[in-house]
Amino acid sequence: MVKINITELKPLLESSKKIIVIPHKNPDGDAIGSCIALNEVLKSLGYQSSVVSPNNFPDFLKWIDDEKEIKIYENNPELYNSEILNADLIFTLDFNSLSRIGLMGEVVKESKAVKVMIDHHQSPDDYAAHIYSDVLMSSTCEMVYHFIAELSLTDKITPKVASALYTGIMTDTGSFKFPLTTDVTHIVISELIKKGANGNEINNLVYDNNSFDKVLLLSHTLSNMVVNAEYNTAYMYLTQEILNKYNFKKGDTEGFVNYGLSIKGVKFAAIFIENEVDKIIKISLRSKGDFDVNDFSRNNFNGGGHINAAGGFSKEDLETTILKFKKLLPQYKAKLR
Ligand code: 5GP
Ligand code: MN
């Protein structure tokens, strides 16, 4: 764990005016929740702070940004380039390598702003002057709560901030069931409920908000799942054609990969999703126990993440990518038993 020295950061924060808060590309609940929460707290302290996301985020998270404040970099790169270059301070949340924010990465690197990273992924890069990195944390939202608490700012946690942080902790822990869900996570959740987060309502907004098409897409994905008992592995795939058939929207496939792990004995699950626009196959990997998918993704699919949840991509076609995946399994046989 690397922890920000709050006494060093405080004067820096006090001397800053313009702040930008950035989530990773294709932001999830943890990325959006942590950015909105931190941004709200900073605004309440009088800073000129805003969230700039590399690209758009899923509809099921739109309620968190109730004032539609999140700026989408892709929509106006020139404008946001100048905001990034002229910022005093940049917080990068829920990622630890500038390659995770696409083209924005170069601009952030160039910016004179002091960079602060808050993140829980493995192997952080060293682009930030101040780093709070802890791979044992359930979520970046939990870390942002601790960060706010260390700055003695918990009185700034409004119901909106509490709900945003609750969302990220809920989504990144798979509703409080993944291994990094600790007693402290639950204490933080308890504090957030006291501050106005309504768990039942948030659960409904995030999980019971599916379009019929999305459920049909899930049904299609599950009926084509392949289970390889020899390697305790399950994988799924989606072609662009099928995504189009079910009117795919960003976020629609979130959580699909976990169904692989719900099968008795399965320790390793993968989903391969064709993306004709970016010309890549996006890969999501999940595991149970000590099979390290961060390592698997780093070594084979240009990605990374956590021990039990990682992602990556391939520039080869879907069939070739899946074939490569299948051919890799024998060398991991001992670890997949
Ligand atoms: P997901 O499979 O839900 O997209 O991502 C699982 C975890 O792996 C997340 O924590 C995410 O930030 C990380 N991740 C996903 N894709 C990539 C990638 O291409 N590169 C890296 N380094 N991490 C990724
Ligand atoms: Mn996260």
Side-chain angles (χ1 to χ4, degrees), residues 22-38 53-55 57-58 60-61 91-102 105 117-125 127 132-147 164-174 178-181 185 188 206 221 235-238 250-261 268-273 275 278 280-287 292-315 321 325:
I22 303 175
H24 55 77
K25 196 171 174 189
N26 299 322
D28 57 5
D30 193 29
I32 291 297
S34 56
C35 285
I36 285 281
L38 184 62
S53 174
N55 62 352
F57 56 103
F60 67 84
L61 297 172
F91 282 93
T92 69
L93 301 188
D94 202 35
F95 65 94
N96 60 20
S97 158
L98 292 179
S99 65
R100 297 279 288 129
I101 52 173
M117 175 204 297
I118 304 181
D119 180 63
H120 65 137
H121 293 90
Q122 305 274 333
S123 318
D125 284 354
Y127 62 84
Y132 175 18
S133 160
D134 188 350
V135 298
L136 296 178
M137 277 284 161
S138 69
S139 52
T140 300
C141 279
E142 183 176 339
M143 299 175 79
V144 167
Y145 178 87
H146 295 310
F147 181 65
L165 292 177
Y166 186 106
T167 302
I169 300 176
M170 178 184 83
T171 54
D172 256 33
T173 57
F178 294 155
L180 296 177
T181 314
T185 312
V188 172
V206 173
T221 314
Y235 70 89
M236 294 157 248
Y237 54 91
L238 283 166
K250 204 173 273 299
D252 276 359
T253 55
E254 204 151 302
F256 283 16
V257 64
N258 295 313
Y259 284 92
L261 284 186
F268 183 26
I271 188 165
F272 302 89
I273 303 172
N275 181 332
D278 295 342
I280 57 163
I281 307 298
K282 182 74 188 116
I283 305 166
S284 282
L285 304 165
R286 300 291 185 271
S287 67
D292 187 343
V293 289
N294 164 58
D295 194 57
F296 184 89
S297 187
R298 264 173 204 276
N299 291 333
N300 306 301
F301 291 111
N302 320 295
H306 314 277
I307 290 172
N308 297 124
F313 65 90
S314 154
K315 287 190 171 164
T321 304
F325 175 78

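Side chains are part of it too, since the values below use all heavy atoms of this structure and drop only hydrogens, waters and symmetry mates. Each ligand, and each atom within it, is numbered from 1 in the order the structure gives.
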[X] and [Y]: which non-hydrogen atoms are nearest, and at how many Å?
| X | Y | answer |
| --- | --- | --- |
| Phe60 | Glu254 | CZ-OE2, 3.7 Å |
| Val144 | Ser34 | CG2-CB, 3.9 Å |
| Lys250 | Pro58 | O-CB, 3.5 Å |

side-chain contact (heavy atoms from CB on, under 4.5 Å) partner of Ile283, the single match among Phe313, Phe325, Tyr235, Phe301
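When Phe313, Phe325, Tyr235, Phe301 are each tested with Ile283, the side-chain contact (heavy atoms from CB on, under 4.5 Å) holds only for Phe301.
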
Hey, what polar pairs (N/O, under 3.5 Å) does ligand 1 make with protein?
unit_1   : atom_1 : unit_2 : atom_2 : d
ligand 1 : 2 (O)  : Ser284 : OG     : 2.6
ligand 1 : 2 (O)  : Arg286 : NH1    : 3.0
ligand 1 : 2 (O)  : Arg286 : NH2    : 3.3
ligand 1 : 3 (O)  : Arg286 : NH2    : 2.8
ligand 1 : 8 (O)  : Gly304 : O      : 3.4
ligand 1 : 8 (O)  : Gly311 : N      : 3.3
ligand 1 : 10 (O) : His121 : NE2    : 2.5
ligand 1 : 10 (O) : His306 : NE2    : 3.1
ligand 1 : 12 (O) : Arg100 : NH2    : 2.7
ligand 1 : 12 (O) : His121 : NE2    : 3.0
ligand 1 : 14 (N) : Arg100 : NH2    : 3.4
ligand 1 : 16 (N) : Lys282 : NZ     : 2.8
ligand 1 : 22 (N) : Gly304 : N      : 3.4
ligand 1 : 23 (N) : Arg100 : NE     : 3.4
ligand 1 : 23 (N) : Gly304 : O      : 3.1

Going by heavy atoms in the side chains, are Ile281 and Tyr237 under 4.5 Å from each other?
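The answer is no, as the side chains (C-beta and beyond) never meet within the 4.5 Å cut-off.
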
Verify whether one side chain among Ser97 and Asp125 offers a donor that lies under 3.5 Å from an acceptor in the other.
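Yes, a side-chain donor-acceptor pair sits under 3.5 Å.
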
Just jot down the ring pair (Phe, Tyr, Trp, His ring centres under 6.0 Å) partners of Phe256, sequence neighbours excluded, or say none.
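For Phe256, no residue satisfies ring pair (Phe, Tyr, Trp, His ring centres under 6.0 Å) once neighbours in sequence are set aside.
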
is_close_aromatic(Phe91, Tyr132), centroid dist under 6.0 Å:
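No.
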
Run the side chain to side chain donor-acceptor pair (under 3.5 Å) test against Asp172 and tell me which residues pass, sequence neighbours left out.
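Asp172: side chain to side chain donor-acceptor pair (under 3.5 Å) contacts with His120.
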
For the Mn ion (ligand 2), every protein N/O/S atom that sits closer than 2.8 Å, waters excluded:
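Listed by chain and number, the nearby protein N, O or S atoms are Asp30 OD2, Asp94 OD1, His120 NE2, Asp172 OD2.
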
